Novice: 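Would you mind keeping the following structure in view while I ask a few things?
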Amino acid sequence: MTAVRRVTVTALIATAALTSAACASPSIGAAGQLRVVAAENFYGDLAAQLGGQHVQVTSVLSSPDADPHLLE
């Protein structure tokens with residue numbers, strides 16, 4: 001998979017996740033922001049970039065050195 005295609009697919013997945021989260025149960029924070037929980041900080045950063053000031057992002061794994069496959 002080329003780098004451009006990988007970025008495009010990742011952006012589409014993140015957009016779909018944000019859209020489905022917005023349509024699901026109301027998860028609006030006190031400041032009127034959509035609360036987003038990401039498994040890894042990479043996806044949290046992507047959600048923050050896409051959502052801007054309209055999202056409040058929490059990443060489960062915040063260390064880039066952590067192996068997500070070992071998370072229980």
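Everything numeric here is computed off the predicted structure, so don't read it as measured data.
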Novice: Hydrophobic cluster membership, with links at side-chain heavy-atom distances under 4.5 Å among I/L/V/M/F/W/Y: are L34 and V57 in one?
Specialist: yes

Novice: Could you pull out the closest heavy-atom pair between S59 and G44, with the gap in Å?
Specialist: OG-CA, 3.7 Å

Novice: Measuring only between side-chain heavy atoms, which start at C-beta, is H54 closer than 4.5 Å to Q33?
Specialist: no

Novice: Could you check if a side-chain atom of T10 sits within less than 4.5 angstrom of a side-chain atom of L46, using non-hydrogen atoms only?
Specialist: yes

Novice: Among the clusters formed by ILVMFWY side chains lying less than 4.5 Å apart, do V37 and L61 turn up in the same one?
Specialist: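 Looking at the clustering, L61 is in the same group as V37.
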
Novice: Got V36 and T58 here, is their nearest side-chain heavy-atom distance under 4.5 Å?
Specialist: no

